[in-house]
Amino acid sequence: MKSEPSVYSIKDLQRDGKTAWEGVRNYQARNFMRDSMRVGDLVLFYHSNADPSGVAGVAKIASRAYPDAAAFDRESRYFDERSTPEKPLWVLVEVAFVAAFKEILPLEKIKQAKELEGIMVAKRGMRLSIQPVSEAHFKYICRLAGCRMPGNEA
DNA sequence: GCCAACGTTGGC
DNA sequence: GCCAACGTTGGC
């Protein structure tokens, strides 16, 4: 899951413990939240538009998808008049902090790693803010980042 | 700040 | 349903 650190960083999540991932306004990204995410699923937290851009840590899904109330709020930058409480168009999931990498694992490193061949985030023009990651890729990224995780002590 | 790539919108 | 115009994303 991508976030611009100037808006919301892994440190912000560490401080908050948990956050509602509001503001996703892309159908494909929404569908991943709604259809594929389950409580307990692990997430790579990616800093976009950053220096450097890359994976900043690990989070986990803390709720199933439910309507994103920001879409109903005229004052919100995420307001969308097509979405109503009766017929919500956009959803969010809650995301909980797991770990912050000591150092960002830069996109450049991800592109260089043979083991990560085919990973979505490395593809040209890939700007989807929520992307599926294979278990093998996930583990390898954690290893590259030197992150110790339950079930992934390597 | 530039700009390529992409998604969305809306005229036809 | 096509596709040009537009707005946004995000690496650099």
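The chains referred to below are lettered A, B, ... by the order of the sequence lines, with proteins before strands, and numbering in each begins at 1.
Between the CG atom in A/Leu107 and the NZ atom in A/Lys111 there is a gap of 4.5 Å [rounded to 0.5 Å].
Residue pairs satisfying the ring pair (Phe, Tyr, Trp, His ring centres under 6.0 Å) criterion with at least one member in residues 82-124 of chain A, sequence neighbours excluded, are listed as follows: A/Tyr27-A/Trp90. Sorted by first and then second residue, the salt bridge (charged side-chain N to carboxylate O under 4.0 Å, His left out) pairs with a member in residues 30-55 of chain A form an empty list; sequence neighbours excluded.
Atom NE2 in A/His47 sits roughly 19 Å away from atom C1' in C/dC12 (whole-Å rounding). In this structure, CE of A/Met126 is placed 15 Å from P of C/dC12, rounded to the nearest angstrom. Rounded to whole Å, the distance from CG on A/Asn49 to C1' on B/dG1 is 12 Å. Going from atom CD of A/Glu4 over to atom C1' of C/dT9 covers 8 Å, rounded to whole Å. Rounded to an integer number of Å, the gap from CE of A/Met1 to P of C/dG10 is 13 Å. The distance between atom CG of A/Asn26 and atom P of C/dT9, rounded to the nearest whole Å, is 10 Å.
A/Met1 is listed as a side-chain neighbour of A/Met37, based on a closest heavy-atom distance under 4.5 Å. Side chains of A/Ile110 and A/Leu105 form a contact here, defined as non-hydrogen atoms less than 4.5 Å apart.
A/Asp73 is linked by a salt bridge (Lys or Arg N to Asp or Glu O under 4.0 Å) to nothing, counting only residues two or more places apart in sequence or in another chain. Remark: A/Asp16 engages no residue in a salt bridge (Lys or Arg N to Asp or Glu O under 4.0 Å) (not counting sequence neighbours). For A/Lys114, the salt bridge (Lys or Arg N to Asp or Glu O under 4.0 Å) partners are A/Glu117, not counting sequence neighbours. With sequence neighbours excluded, the residues forming a side chain to side chain contact (heavy atoms under 4.5 Å, CB included) with A/Ser9 are A/Pro5, A/Lys11, A/Asp12, A/His47, listed by chain and number. Qualifying salt bridge (Lys or Arg N to Asp or Glu O under 4.0 Å) partners for A/Glu94, counting only residues two or more places apart in sequence or in other chains: A/Lys18.
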Output field dot_bracket for DNA chain C (Watson-Crick or G-U, both distances under 3.5 Å, | for other-strand pairs) contains ||||||||||||
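Distances shown here put every side-chain N or O of A/Ser53 at or beyond 4.0 Å from the OP1 or OP2 atom of C/dG10. Neither OP1 nor OP2 of C/dT9 sits under 4.0 Å from any side-chain N or O of A/Lys2.
Ring-plane geometry between A/Phe45 and A/Tyr8 is classed as tilted, the angle between the planes lying from 30 to 60 degrees on a 0 to 90 degree scale.
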Apply side-chain contact (heavy atoms from CB on, under 4.5 Å) to the pair A/Lys139 and A/Arg143, showing each step before the final yes or no.
CA-CA 6 Å; A/Lys139 285 185 173 168; A/Arg143 273 182 55 187; 5.9 Å; no
Checking A/Val55 against A/Leu144 for the side-chain contact (heavy atoms from CB on, under 4.5 Å) test, could you report, in this order, the C-alpha distance in whole Å, the side-chain angles of both residues, the deciding distance, and whether it holds?
CA-CA 10 Å; A/Val55 181; A/Leu144 280 185; over 6 Å; no
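Within residues 113-125 of chain A, the residues having any heavy atom under 4.0 Å from DNA chain B are, by residue number, A/Arg124, A/Gly125. Near DNA chain C, defined here as any heavy-atom distance below 4.0 Å, there are no residues from residues 79-95 of chain A. Using a 4.0 Å cutoff on non-hydrogen atoms, the parts of residues 100-111 of chain A near DNA chain C are A/Leu107, A/Lys111, ordered by number.
Environment of CD in A/Glu115: crowded, with over 12 heavy atoms of neighbouring residues, nucleotides or ligands closer than 6.0 Å.
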Atom pairs under 3.5 Å, N or O on each side, protein against nucleotides 4-8 of chain C: can you list them with distances?
unit_1, atom_1, unit_2, atom_2, d
C/dT8, O2, A/Arg127, NH1, 2.9

